[in-house]
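Report on one structure; see the data block that follows.
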Amino acid sequence: MDNRFIRLFLSAVVLAMGTTGAVFAEEQSILEDPPVIDPNVVRLGLKDADIDDENFEVGAFIGFMSVEHFGTHEVYGIRGAWHVNEDLFFEANYGMTSVDQTPAEYAAGDFNLFTDDDRDFIYYNLSLGFNILPGEVFMTSDWAFNSSFYLLAGGGTVDFLGEKEFALNIGMGLRVVATDSLALHLTFQDIMTDKLKQLSDGSDGSAHNMQYSASLTYFF
Amino acid sequence: MTVRILLSILILFCAGAGHVQAAEYPSVKVAEPYLDLRTGPGRGYPKTQIVERGDWVEVMMRRTDWIKVRTRKGFEGWAHQDDMAKTLDPDGEPTQISTVGEGEFVHRRWEVGFKVGTFAGARTSDAYLGYYFTDNLSAEVTVGEAFGTSVDFQFLNLSLTHQPWPQWRYSPYITLGGGAKQTSYASTEVQLSSRTDQTLHAGLGLRVYLTRQLMARAEYRNTVILTDQEQNEESDEWTIGLSAFF
């Protein structure tokens with residue numbers, strides 16, 4: 001008896017709800033007939049500005065540089081890059097190293113040809129970079145980082161021994177992208193200076209100042 | 001009724017929670033038969049996942065032409081912007097992905113780049129920044145250095161350039177301006193102090209649209225150096241360079 005009563009009651013409730021709902025919907029449609037084109041429509045569409053662009057890279061490097069005739073010393077500096085597309089990027093470098101005495105100075109004992117300020121080898125340059133050999137570096141069988149081998153070529157200024165000169169540079173490097181915004185580089189660069197060649201052995205041509213460095217960069 | 005209210009709250013809460021998650025990154029729906037995802041932002045990286053038509057992906061970030069997306073299952077990969085342009089945004093419209101092309105080259109506003117060449121027999125390198133008032137007319141600031149065998153120059157100048165045919169891929173221009181030039185003598189044999197002179201220049205050049213945001217540039221400039229001496233000096237400068245525009 002109870003069961004039937006509850007069933008009946010429930011059916012009534014359901015019916016009532018159903019009908020009122022229908023009536024309500026009808027009333028609403030009559031009262032507020034929506035316009036054909038709703039002027040207040042909210043566009044959810046994805047705008048290009050909503051996507052975070054990360055094409056710039058800045059960082060610092062540390063390594064060793066062999067200045068022809070002056071030996072090999074620590075070099076450090078900063079670098080920045082702009083990635084134009086997957087193949088091409090622009091890179092700017094600013095680096096410095098300090099050299100010791102020349103072999104001639106050592107041989108002569110307590111005799112210096114240059115002041116300490118002149119012994120700072122400071123360079124800045126702008127290069128075009130080409131990404132070649134994209135790939136992955138596997139740390140373990142299922143833990144890998146994206147990497148790319150790249151070539152660099154450009155020019156800039158070298159300030160050394162009280163003279164400035166235009167210097168061409170070529171190089172290559174390996175970029176390992178650790179996270180979306182951090183990358184590790186191992187880079188090799190040859191900065192070619194003519195005046196230094198002239199000074200070191202009196203001959204024409206270029207002195208090859210080789211630099212190898214490691215850098216950490218941040219993408220933004 | 002209580003159950004309904006509770007259910008509604010629950011549904012609202014779920015939707016809200018879902019919405020919070022979705023609000024972090026915008027989502028797009030795959031409209032082509034499938035969307036390829038690669039392990040890295042480049043055509044050399046392997047394709048390891050596809051997203052089927054009708055599935056949604058979250059748009060995380062962009063590097064050059066590649067867009068990093070996350071699938072509903074949490075897999076992350078890189079899709080090319082051309083493929084992303086074929087997806088649909090939440091309104092059901094094609095996703096707007098901007099690309100830079102020759103059209104933007106004509107209507108560029110900013111130009112930045114560097115040039116190398118010879119200036120009065122010395123090797124020169126300079127960097128410049130230009131702003132376009134109109135498609136034809138731009139103002140440009142240039143800083144540079146030139147190193148000769150015994151003399152070094154550093155210069156800063158301001159130019160006005162005019163290109164009569166901005167819509168041409170090979171677009172010639174004229175440039176006029178002035179600035180300052182510092183001359184220092186590198187040679188230790190003659191002890192001459194450095195001096196700064198005013199300069200005026202006029203030149204002809206050519207901009208060539210390369211690809212995307214890049215153009216090549218070649219320029220000839222005749223610079224008159226206003227010295228204190230009886231006669232003004234004149235120098236020729238020939239440069240080639242590479243610019244990016246925005």
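Computed from a predicted structure; not experimentally measured. By convention in this document, chain letters (A, B, ...) are assigned in the order of the sequence lines, proteins followed by strands, and residues within each chain are numbered from 1. FYI, side chains are in, hydrogens and waters are out, and symmetry mates aren't considered; it's all heavy atoms of this structure.
With chain B as the partner, the residue from V177(A), D180(A), L88(A), L133(A) showing the most heavy-atom pairs under 4.5 Å is D180(A). Among the candidates M61(B), R43(B), R63(B), the residue making the largest number of heavy-atom pairs closer than 4.5 Å to chain A is R63(B).
A salt bridge links R123(B) and D194(A); the closest N-O separation between the charged side-chain nitrogens and carboxylate oxygens is under 4.0 Å. In this structure, K47(B) pairs ionically with D36(B), as a charged nitrogen and a carboxylate oxygen lie closer than 4.0 Å.
If you measure heavy-atom distances from E76(B) to chain A, you find no contacts under 4.5 Å at all. If you measure heavy-atom distances from F89(A) to chain B, you find no contacts under 4.5 Å at all. Interface remark: L128(A) contributes side-chain atoms only to the contact with chain B (heavy atom separation under 4.5 Å). Residue N131(A) does not touch chain B at all, counting heavy-atom pairs closer than 4.5 Å. Only the side chain of L242(B) comes within less than 4.5 Å of a heavy atom in chain A; its backbone stays farther off.
Exactly one of L37(B), L35(B), D55(B) qualifies for a side-chain contact (heavy atoms from CB on, under 4.5 Å) with T71(B). That residue is L37(B). For the salt bridge (Lys or Arg N to Asp or Glu O under 4.0 Å) criterion with E58(B), the lone passing option out of K73(B), K29(B), R70(B), R72(B) is R70(B).
Between D89(B) and Q96(B), every side-chain heavy-atom pair lies at or beyond the 4.5 Å cut-off.
Between Y131(B) and W110(B), the ring center distance clears the sub-6.0 Å criterion.
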